[in-house]
Engineer: 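Below is a structure I'd like to ask you about.
All ligand and atom numbering here is 1-based and tracks the order in the structure. Heavy atoms only: backbone and side chains are in, while hydrogens, waters and symmetry mates are out.
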Amino acid sequence: MSASTTVLVTGASGFIGIHVVRVLLKEGYRVRGTVRSLKNDTKCKPILECHPDAKTKLQLVEADLTKDEGWEEAVRGVKYVIHVASPFPNFVPKDPDSLVRPAVDGTLRVLKAAARAGVARVALTSSIASIHGHLETDNVTVYNETEWADLESPTLGPYERSKTLAEKAAWEFIKSPENASKMELVTILPALVIGPIVGTDFGTSVMSLKRLIDGSSPMVPGVTFAFCDVRDVAEAHVKSLTVKEAAGERICVCTETLWMQEVSKILHKEFGSMGYRCPQRKAPNFGLWFISWIDATVAMLMPRLDKVFKYSNEKMKTILKIQPRPIETSIVDTAYSLIDAGVVRKTSKYQPKKVEL
Ligand code: NAP
């Protein structure tokens, strides 16, 4: 990599985007990041402060996935693109197209502009949702990158559909004659991403942990999540740009699958003595059913009750040579960052700990 190698990161202001920018700057790249509005200080300020080199080596530009404007300029002169941006709401929208259109059309806008500009390789943020985002499971299978979510399944939600269709569209474009410059693609498929937040704005995935430490949940729903750490996710994106064997691969980033009760136990062990009440009892399913009528985030959990979804992390270890951080570290560091950022209140007994980025 030369000192002037520039990488475009779309969605630079998001939870994952900021960490990707930070790792790129740490590795010595120049970075151009897209945001929807340069006037949005809450979103732009944390990126400009994410690394000491941000002031000199990071340029922010405006571009929206739903519009053509800005993308030609955004890709000009860059060698690599990391396409992170995609809508990730914390509720299930009534109209699936509100997620599918920006995800699919936006991905094609970015890829087409990148191919025309002579970009060498694109790393696309997909999701385990595009491996097995539908909710039928035998509770034991470890799903891997050879599989695709079942688009015919009624249990595939709008977000999961948007990620699957966007990734499929990306692979189709890469194999099409329109990709005349033979630009390469690698897709990174993170599990539910947790880990330290930067700034006070954080994505949907960290919400699952926030509710276990902020005192708002008296009990824990009987659901599992496959987790991964945002620092591993960022490293995977950056490594995937230059590891030769990564080209043409789908690579899942996952630490392990835990019941939310296990997650809450880990939080209680670290924070219980500091005055944080992390719920330890499993919520009865019928109680959750009542709450789901008024709480959209609980409604999202209902189809997952009592189900186990596991995903392979073999390719992340063998191709990208990344060993996932211990899950306890990811969980505990997420909570420290939420407390330090003021998202969760500080108790009088709170003992801060330096979280390594
Ligand atoms: P996030 O914080 O909500 O970030 C989403 C990013 O996409 C934001 O920068 C957002 O811009 C941008 N975006 C959304 N709609 C856009 C549009 N129409 N035009 C331009 N930009 C748009 O969520 P995240 O967790 O970092 O997610 C980032 C990516 O990772 C997404 O592709 C998501 O599907 C994927 N992913 C996330 C997880 C997870 O657990 N977090 C797991 C697997 C995959 P604004 O800042 O302007 O809103």
Engineer: Name the one of Val193, Thr257, Leu209 that satisfies side chain to side chain contact (heavy atoms under 4.5 Å, CB included) with Phe227?
Structural biologist: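 The passing option is Leu209.
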Engineer: With only distance considered, is Phe15 within less than 3.5 Å of ligand 1 through an N or O on each side?
Structural biologist: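 Such a contact does occur with ligand 1.
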Engineer: Please state which option from Gly14, Ala129, Ser205 has its nearest heavy atom closest to atom 9 (O) of ligand 1.
Structural biologist: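 Among Gly14, Ala129, Ser205, the closest heavy atom to atom 9 (O) of ligand 1 comes from Gly14.
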Engineer: Side chains of Tyr350 and Asp340 only: does a donor on one sit below 3.5 Å from an acceptor on the other?
Structural biologist: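 Side-chain D/A pair, Tyr350 to Asp340: present.
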Engineer: Look only at the side chain of Ser127 and the backbone of Leu189, and say whether a donor-acceptor pair between them is shorter than 3.5 Å.
Structural biologist: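 No, Ser127 side chain to Leu189 backbone: no donor-acceptor pair under 3.5 Å.
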Engineer: State whether the shortest distance between N or O atoms of Pro102 and N or O atoms of ligand 1 falls below 3.5 angstrom.
Structural biologist: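 No.
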Engineer: Can you name the one residue among Leu65, Asp64, Thr66 that meets side chain to side chain contact (heavy atoms under 4.5 Å, CB included) with Arg36?
Structural biologist: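 One option only clears the test, and that one is Asp64.
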Engineer: Which atoms of ligand 1 are found less than 4.0 Å from any heavy atom of Val193?
Structural biologist: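 Answer, ordered by atom number: 38 (C), 39 (C), 40 (O), 41 (N), 42 (C).
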Engineer: Return yes if some donor-acceptor pair links the side-chain N/O of Lys239 with the main-chain N/O of Leu320 below 3.5 Å, else return no.
Structural biologist: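 Flag set: sc Lys239 to bb Leu320 pair under 3.5 Å.
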Engineer: Just which atoms of ligand 1 are under 4.0 Å from any heavy atom in Tyr159?
Structural biologist: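 Per the distance check, 33 (C), 34 (O), 35 (C), 36 (N), 37 (C), 44 (C).
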Engineer: Under a 4.0 Å heavy-atom limit, does Phe202 contact ligand 1 with its side chain, its backbone, both, or neither?
Structural biologist: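 It is neither; nothing of Phe202 touches ligand 1.
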Engineer: Give the ring-plane orientation class for Phe15 versus His19, where under 30° counts as parallel, over 60° as perpendicular and anything between as tilted.
Structural biologist: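 Ring orientation, 0 to 90° scale: perpendicular.
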Engineer: Taking only heavy atoms of Leu192 into account, list the atoms of ligand 1 that are under 4.0 Å away from them.
Structural biologist: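 Here the atoms of ligand 1 in question are 40 (O).
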Engineer: Can you list everything that forms a side chain to side chain donor-acceptor pair (under 3.5 Å) with Trp289? Sequence neighbours excluded, please.
Structural biologist: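 Scan of Trp289 (side chain to side chain donor-acceptor pair (under 3.5 Å), adjacent residues dropped) gives none.
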Engineer: Any idea which of Gly33, Ala103, Ala191, Ser127 brings a heavy atom closest to atom 42 (C) of ligand 1?
Structural biologist: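 Nearest option to atom 42 (C) of ligand 1, by heavy atoms: Ala191.
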Engineer: Does ligand 1 come near enough to Thr66 that some N or O of the ligand is less than 3.5 Å from an N or O of the residue?
Structural biologist: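 No, since none of the N or O atoms of Thr66 sits under 3.5 Å from an N or O of ligand 1.
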Engineer: Does the cation-pi check pass for Arg250 over Trp148, that is, NZ or CZ under 6.0 Å from the six-membered ring centre and within 45° of its axis?
Structural biologist: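 Output yes; distance and angle both within limits.
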Engineer: State if Ser126 counts as touching ligand 1 under the rule of any non-hydrogen atom under 4.0 Å.
Structural biologist: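 Ser126 counts as a contact of ligand 1 under the 4.0 Å cut-off.
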Engineer: Out of Val20, Val84, Leu65, who is nearest to atom 29 (C) of ligand 1 when you count heavy atoms only?
Structural biologist: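 Of the listed residues, Val84 has the closest heavy atom.
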Engineer: Can you name the atoms of ligand 1, numbered from 1 with element, that are less than 4.0 Å from a heavy atom of Pro87?
Structural biologist: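 Those qualifying, in numeric order: 14 (C), 15 (N).
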Engineer: Under a 3.5 Å cutoff, is there a donor and acceptor pairing between the side chains of Glu270 and Tyr336?
Structural biologist: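 Yes - a donor-acceptor pair under 3.5 Å links their side chains.
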Engineer: Of Ser86, Gly11, Ser13, Ala85, which has the heavy atom at the shortest distance from atom 5 (C) of ligand 1?
Structural biologist: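 Looking at heavy atoms only, Ser86 sits closest to atom 5 (C) of ligand 1.
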Engineer: Please confirm whether Ile16 comes within less than 3.5 Å of ligand 1 when only nitrogen or oxygen atoms on both sides are compared.
Structural biologist: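 N/O-N/O distance under 3.5 Å: yes.
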Engineer: Using a strict 4.0 Å cut-off to heavy atoms of Asp64, name the atoms of ligand 1 that fall inside it.
Structural biologist: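 With Asp64 as reference, the close atoms of ligand 1 come out as 17 (C), 18 (N), 19 (N), 20 (C).
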